[in-house]
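A quick write-up on the structure given underneath.
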Amino acid sequence: MQKPKFETLAIKSIENKMMDVEPVSTPIYLASTYKRNTDGSYNNDFIYSRNGNPNRTIVEQSIAQLEQGQFAFAFSSGMAAISTILQSLKSGDHIILPNDIYYAIKKLMEDVFQRWNLSYSLVNMSNLLEVEKAIKPSTALIWIESPSNPQLKISNIKSIAKIAHKSNALCVVDNTWLTPVFQNPLKLGADMVVHSTTKYFGGHSDVLGGCIVLNNNDLADKISSIQSLSGAVPAPFDCWLIARGIQTLFLRISKQTENAHKLATFLESHPKIDKVFYPGLKSHPQHLLAKSQQTGFGAMLSVLIKSTEKNAFQISTQLKYFTTATSLGGVESLVEHRKSVEGENSPTPSNLLRVSVGIEHIDDLIADWQQALS
Ligand SMILES: *Cc1c(COP(=O)(O)O)cnc(C)c1O
């Protein structure tokens with residue numbers, strides 16, 4: 001063969017040059033497609049990155065181990081993971097959702113899945129009788145978010161899973177707020193765990209991601225097929241960021257929780273605060289339930305300010321160390337006026353501020369609230 005010309009050299013001199021090195025950190029596999037071997041096989045079954053990518057596999061295997069599940073599937077966002085669970089149901093199925101569910105999920109049901117003939121009931125998940133009463137012959141799934149958003153209500157995962165299984169329905173737990181550091185829903189009887197890895201797993205407010213963890217083979221096949229065919233998969237770099245986040249997840253959420261508990265205790269005694277919602281406080285109505293199914297109380301809390309909506313929002317903007325932004329779980333503290341984000345029909349009290357506590361020094365965080373409330 002003749003010597004390759006410039007254009008060909010430019011391609012071939014750069015093409016995959018896997019070097020025989022052992023980097024301590026994982027490289028980012030920015031590949032959409034993988035070379036086939038002469039016998040027709042593919043190394044480690046990597047064919048095309050919608051089906052699988054090494055960075056995605058690393059994240060999936062890690063989260064499966066941390067959640068003590070057999071299978072994990074990573075997605076491009078928490079909502080993509082949640083949509084996949086809903087797509088695994090069939091037309092005519094009925095779902096029971098918490099009445100204070102993450103508001104985008106309710107909107108997804110209304111705007112998209114109702115058209116696909118999935119129906120739903122909204123119930124107070126802290127009331128087991130209400131959950132049982134909502135069961136229909138077509139009920140296929142019960143959804144739990146514990147603690148809930150933004151009032152941090154706790155649902156009894158073991159009991160609700162039992163109610164679901166008695167009626168041949170699945171029990172799904174959104175474990176975003178506690179992570180497997182503090183709660184393992186599969187061990188409590190749930191069939192699937194879903195996460196927005198955008199939050200604590202990523203931990204630095206710079207990446208979106210989601211995942212589903214489960215043990216059942218048939219269910220895993222269904223989820224796997226929707227994942228690769230629908231294509232809401234995470235990019236290799238996003239997986240790399242989540243993987244990096246996982247290494248410090250325990251340290252971050254432990255510190256954040258310690259800070260949240262101290263801040264909640266301070267705020268509870270402040271004369272301008274009407275109420276603090278934090279499961280770690282003895283005043284929380286389900287403090288004991290939280291203690292029995294969680295190993296930590298988490299780093300999210302909400303407060304009711306003794307004032308009007310306008311004042312509550314103003315107080316949030318007066319905080320210097322809490323950025324007024326939505327989302328949660330990052331190393332930096334955030335504060336949010338939920339009602340104005342969720343819109344007019346939101347059942348959230350207008351004087352409620354939701355706080356995601358970061359890893360800053362607790363003395364500074366407390367002093368900040370003191371000045372904002374004065
Ligand atoms: C953020 C969040 C979601 C949605 O996840 P995205 O990554 O934003 O798509 C779902 N559930 C809970 C509890 C969340 O906090």
Side-chain angles (χ1 to χ4, degrees), residues 56 59 63 67 72-87 95 97-113 120 122 125 141-155 157 172-183 185 190 192-213 227 230-235 238-239 241-242 245-246 249 252-253 256 260 277 279 294 297-302 325-330 334-336 338 341-342 346 348 352 354-358:
R56 192 169 104 204
V59 164
I63 296 179
E67 271 293 6
F73 300 94
F75 294 85
S76 53
S77 69
M79 288 307 293
I82 287 160
S83 296
T84 298
I85 293 176
L86 298 175
Q87 287 175 62
I95 311 170
L97 302 175
N99 56 11
D100 52 358
I101 193 166
Y102 181 76
Y103 76 117
I105 302 176
K106 198 169 117 209
K107 194 134 178 40
L108 176 70
M109 285 301 304
E110 281 167 9
D111 290 6
V112 180
F113 286 102
Y120 64 95
L122 297 169
M125 281 287 161
L141 196 150
I142 303 182
W143 195 278
I144 298 175
E145 223 181 279
S146 184
S148 74
N149 177 22
Q151 299 200 25
L152 292 109
K153 288 194 216 153
I154 306 292
S155 307
I157 297 175
V172 176
V173 176
D174 185 334
N175 202 24
T176 300
W177 281 30
L178 289 178
T179 81
V181 173
F182 292 143
Q183 183 165 269
M192 282 193 264
V193 173
V194 64
H195 283 281
S196 165
T197 52
T198 308
K199 314 294 169 51
Y200 291 100
F201 279 89
H204 295 76
S205 308
D206 53 12
V207 61
L208 290 182
C211 75
I212 302 170
V213 192
Q227 180 198 37
S230 289
V233 292
D238 293 356
C239 293
L241 285 170
I242 305 276
I246 287 173
L249 170 63
R252 283 185 282 106
I253 200 166
Q256 286 171 279
F277 301 103
Q294 304 168 202
F297 296 114
M300 293 297 297
L301 60 97
S302 294
T326 195
S327 196
L328 58 116
L334 302 179
V335 61
E336 183 177 42
R338 278 306 287 178
V341 172
E342 293 177 356
S346 143
T348 299
L352 181 143
R354 192 186 79 178
V355 183
S356 170
V357 183

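In each ligand, atom 1 is the first atom listed, and ligand 1 is the first ligand listed.
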- [ ] With heavy atoms of Lys199 as the reference, note each atom of ligand 1 found under 4.0 Å away.
- [x] 1 (C), 2 (C), 3 (C), 14 (C), 15 (O)

Open item on the list: Just to be sure I'm reading this right: ignoring hydrogens, which of Trp177, Tyr103, Tyr102, Tyr200 gets closest to atom 3 (C) of ligand 1? Compare them by their nearest heavy atoms.
Closed with: Tyr102

- [ ] For Ser77, take its heavy atoms, then give the atoms of ligand 1 lying under 4.0 Å from any of them.
- [x] 7 (O), 9 (O)

- [ ] Can you figure out which of Ser146, Ser196, Gly329, Pro147 has its heavy atom closest to atom 5 (O) of ligand 1?
- [x] Ser196

TODO: Give the numbers and elements of all ligand 1 atoms closer than 4.0 Å to a heavy atom of Asp174.
DONE: 10 (C), 11 (N), 12 (C), 13 (C)

Open item on the list: So is Asn149 touching ligand 1 or not, going by heavy atoms under 4.0 Å?
Closed with: no

- [ ] Looking only at distances, please establish whether an N/O atom of ligand 1 is found under 3.5 Å from an N/O atom of Ile82.
- [x] no

Task: Least distance between heavy atoms, Gly210 atom then Ala81 atom - done: C-CB, 4.2 Å

TODO: Would you mind checking which non-hydrogen protein atom is closest to atom 9 (O) of ligand 1, with the distance to 0.1 Å?
DONE: Met79 N, 2.8 Å

- [ ] Mark yes or no for whether Ser230, through its side chain, and Ala232, through its backbone, hold a donor-acceptor pair below 3.5 Å.
- [x] no

- [ ] Please verify whether a non-hydrogen atom of Gly209 lies at under 4.0 Å from ligand 1.
- [x] yes

TODO: Return a yes/no value for Glu145: is any of its N or O atoms, backbone included, closer than 3.5 angstrom to an N or O of ligand 1?
DONE: no

Task: Min N/O separation Leu208 to ligand 1 under 3.5 Å - done: no

